[in-house]
Structures are given as C-alpha cells and as structure tokens.
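So the structure is just underneath, and the comments pick up after that.
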2 protein chains.
Amino acid sequence: MGRRGEHSKAEIEAMALEAAESIIENEGYPGLSARKVASAIGYTVGSLYFVFKNLDELVQRVNGRTLDQLYTTLTEAMVDCRVPQTCLLALGSAYLDYATRHVHRWRMVFEHQPQSEGLPLEIHQDKMYRLFSLVEDQLQVLATRRSREEITVAASALWSGVHGIAIMAITRHLRSEDEQSVRNLTEHLISHYLDGLSVQESDAQTGAEEAGIFNANVIPSHSQ
Amino acid sequence: MGRRGEHSKAEIEAMALEAAESIIENEGYPGLSARKVASAIGYTVGSLYFVFKNLDELVQRVNGRTLDQLYTTLTEAMVDCRVPQTCLLALGSAYLDYATRHVHRWRMVFEHQPQSEGLPLEIHQDKMYRLFSLVEDQLQVLATRRSREEITVAASALWSGVHGIAIMAITRHLRSEDEQSVRNLTEHLISHYLDGLSVQESDAQTGAEEAGIFNANVIPSHSQ
DNA sequence: CTGTAAATATAACTATGTTTAATTTGTGAC
DNA sequence: GTCACAAATTAAACATAGTTATATTTACAG
C-alpha cells in the first residue's frame, strides 16, 4: 500500500525512535532488531530504511536523545544545591541514578561502535562536552585561582572517575553490589578528590554549613 | 572426515581462543563470527560447537584470558617502584597502556553481555577482585591506620576512576585525544585522590625522594 | 480520468548462530 | 585382519538478522 499519508516522515522517525528506546530499555541492545522496531510502529522493515540510512543511524539517534535526556536530568538535579561541593555530589548521585534506571540505554551510548564510520563523532562529542562543562562550572567556583585548562583537566578526571564507578557497578565488577554502597563510593571519590584539589587551594571553602555536611561525609559515608 | 586425531579437544580449544582473540583484536567484537573462527583454525563451524557450548562461552573464555594477561601485565609494571604512590601511578599507567594497546579485547571484558545468563559471573568477579587487590595492597601501605573495609572502598573508588578515564579516552569522549594528556589525566586523578586521602593520614609519606617526584607531578603534569 | 512519483509492502540476498543429520575414521573385540 | 561401534568431523538445514531490490498502492497534478 502506497502513500497512506497517515504519518509524516518526521512522525515515523519519532515513533521509531521511541519504539527502539523502549525495546532497548527492556531487552538491551542485543534485543533490538529492525523488524521488531518496524512492527512495533505498525510498519514493515523496508519503511525503516526509508527513514534511516541503516540501523547504526537509528542507534546513534537514540544515543543522542539519551544524552539530551541525561543532560536535562543532571541540570534538574542541581536546582537545590548552593555550594559547589554539594552540587558535585548531587551531580554524581543523579548520574548514578540515571545509569541505574536506564542501564541499557546508558550503556549503549558508550558501548555501541558503528560499523560504518560516519557522522556520529562530532554530535556525540558536543553533547558529552556539555555534560563535562556542568562539572567544570562547579569546579571553577570552587577553585577560583585555577586556569581554564586546569579546570578542564580536573573536570575530565573527576567525571570520568564517577563514570567508571557507574560502569563497574552496573557490570557487577565491584564487591559491594547494593545501591547504597555504590552511592557512597561515588561520594567518597568526589570528596577525596576535592580535598586533594583544595590542598593547593587554601580558601576553597566558601559555603557555610553545606560544606560542613560535605566534609563530614568524607570518611564515615562508606563505613556502613 | 571423522576422528582425525590431529588435535586433541584441548588443542582445538586453545587454537580457537587464539584465533578469536586475533580476530577481535583486529576487527572488534562485531567482526567475530563462529565461521570465521572455525575457518581460521582449519575446521568447520560445527566443530566449534563440539568444543564450546556456544559463542557466548567462547567470548567469556577470551575475556578470562584477557583478565589474566592484564593481571600479569600490571604486576610486572610494579617491579621497579618502591613507594606506594609511585606504584599506584605505575599501575595506572600500565592499565592505560594495556587498554590502549588491546582496545577491543579490553572493551569486550566490560561490554559483552551474555544472552543466556550462565557461568560467567563468579569467574570474572574473582579475576576482577584480584586486580583491585593490587591497588588495595598499595593503599594499605600508604594509609596504615585505615581499616580493611576503608581500604577496600578506597581501592574501588580510585581504580574505578582510572578505569573510567580509560573508557572515556578510548571511546573518544574526552576533549584531549593525545596519549600524553590522557596519561596526565590519570596521574592527576590518582595523585589528587591520594592527597585527599592523606588529609586525614598525617604520616602517609614514608618514601624518600620518590614521594617528592610524586608530589611534584600533582599540578604541572597536565599543564603542557 | 489518467499518469507519475512518492510511500509502503513484499520478496530476495547474504550472513549469522545454532541444531541435526550424515559421514568418516580410529580403535578394541574376536 | 576385519567388523562393529563410538568418536570426531563435516555438511546440510533452520531461523533470524541487516540490507537491497522490486513490486504495488495511492495521493495528487494536469
């Protein structure tokens, strides 16, 4: 049947992306197939290739949406914090939450390797940089006398570290498997790293009682 | 052609694993196929299923060997260091080296998700714990007054962090792409984290001039 | 009303993992 | 020695995958 006109090309695209996200969320990337997506939106497989160049492109699009959603989640997680230390902890916590709640979609962002080297690189890098810059903004406030480059490096190191914990936890490579101890791990890394940073930054503490809470969490946070 | 007797079951197994490793190393996991492995060792696909239950099992076996090889590499990287700080930096550097040199095999350890939940969990966890304990040993020397549990937490956090940097670097999600700046990132994370740890450990510095080198690297290591 | 191009489906092609059914061949019994 | 049986190996078959090519339907232009 030809041009039904029921859905525009953009609509089909959106429907396909949503269906794919749902499949991936439930069954992981290995559960994704072109025919499954097509039938989920009431079309046959050929129509998918009318909208996407190939499955790789669909996956890249899903990854892009995941990164957007992640960015929104992270910014929303920071509305309540006032001191950079607390904000960074909130960021870490929210990141862990997102990774835990959307394991498969989150993993796919980092694990999918397109077979035909195409467009994905630049798009993803920008969206990833945007995430890192959330961390940079906080670090800049915290370590005022550091240069832009130093802040960039610090944000890369710290955030990659949080990312690593999330991966280790989700792939079950850590000894402690419960959610709480993983959360404590993240707090532990962030706070110790910041303590290390402030060794050279004498006047890092500008916030009032929140910073106190932060420092109190440094050690005993994981002792239970 | 029946029992040729040219190779024992164990020999075929070893040959298949080596062939698979080579394919993965060159083309990545997506390039791996049962028929490709079989033909690489001069057999047909059916014979693979005489030795392995399925492809998942083969992959798990490869992953196990990768973890063993990684463990050996890391222990060898520590023969020249005397002070825990230097040893930890050597560990981080060696880990990054291995990940960079064997990208696909290294990624597969963390990225492959078996479709039929089978045996892999326990084996991998043990081998992973062994890696973490290399870090624990160093931290134990460095922070003598910390409890075993605290050391475990610290090692998990720090090593997951290094792992995260390696992943971010390899998946091209970091701004700085050259090998040197990634290496600096790792040094940066390790040294700042250790500085943070020693905030509560007054007498952490026991080594002589090596510790000096270590501290000197804290800041300017990434400034170039 | 008719033709044309777009939208969609159907079918085909190749490659994959896995299973089943041959087939070959070493080896022990007699 | 040769005969049978079991083990080792191949060949074939099946289901499903991504992708491409072809057919078919339908909206719209004239």
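Throughout, a chain's letter reflects where its sequence line sits, starting with A, and its residues are numbered from 1.
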When you match B:Lys9 and B:Val45 each to their closest nucleotide on DNA chain D, which lands nearer the 5' end? B:Lys9
Angle between the end axes of the helix from C:dC1-D:dG30 to C:dC30-D:dG1, five pairs per end, to the nearest 10 degrees? 30°
Taking [atom1] from [X] and [atom2] from [N], how many angstroms apart are they, rounded to a whole number?
X       : N      : atom1 : atom2 : result
A:His7  : C:dA7  : NE2   : C1'   : 13 Å
B:Phe52 : C:dG17 : CZ    : P     : 14 Å
B:Glu11 : D:dT9  : CD    : C1'   : 16 Å
A:Leu48 : C:dA9  : CG    : P     : 10 Å
B:Tyr43 : D:dA8  : OH    : P     : 10 Å
B:Leu58 : C:dT16 : CG    : C1'   : 15 Å
A:Asn54 : D:dT20 : CG    : P     : 8 Å
B:Tyr49 : C:dT16 : OH    : P     : 11 Å

Verdict with supporting geometry, B:Gln125 and A:Arg175, side chain to side chain donor-acceptor pair (under 3.5 Å): CA-CA 8 Å; B:Gln125 279 182 336; A:Arg175 279 198 174 83; over 6 Å; no
Report yes if some heavy atom in the side chain of A:Leu88 is under 4.5 Å from a heavy atom in the side chain of A:Leu139; otherwise report no. yes
Candidates D:dT10, D:dT19, C:dG17 - which lies nearest the side chain of B:Thr44: D:dT10
Measuring from the side chain of A:Phe50 (C-beta onward, heavy atoms only), which nucleotide among C:dT8, D:dG18, C:dT18 has the closest atom? C:dT8
Quick check for you: to the nearest 0.5 Å, what is the distance between A:Leu89 atom CG and A:Leu194 atom CG? 7.5 Å
Going by atom types alone, do B:His112 and B:Asp56 pair a side-chain donor with an acceptor below 3.5 Å? yes
Counting only non-hydrogen atoms, which of residues 28-41 of chain B are less than 4.0 Å from DNA chain C? B:Leu32, B:Ser33, B:Ala34, B:Arg35
Step by step, work out the side-chain contact (heavy atoms from CB on, under 4.5 Å) result for A:Tyr71 and A:Asp68. CA-CA 5 Å; A:Tyr71 181 78; A:Asp68 289 342; 5.7 Å; no
Between B:His188 and A:Tyr193, does the ring centre distance come in under 6.0 Å? yes
Within a radius of less than 6.0 Å around CZ of B:Arg101, do more than 12 heavy atoms belonging to other residues, nucleotides or ligands occur? no
Over all strands shown, is B:Ile12 touching base, sugar-phosphate only, or nothing at heavy-atom distances under 4.0 angstrom? sugar-phosphate
Show the numbers, then the answer: is there a side-chain contact (heavy atoms from CB on, under 4.5 Å) between B:Leu91 and B:Ile190? CA-CA 10 Å; B:Leu91 271 182; B:Ile190 295 179; over 6 Å; no
Taking the six-membered ring for Trp, are B:His124 and A:His173 parallel (under 30°), tilted (30 to 60°) or perpendicular (over 60°)? parallel
Is the distance from OP1 or OP2 of D:dT10 to the nearest side-chain N or O of B:Ser47 less than 4.0 Å? yes
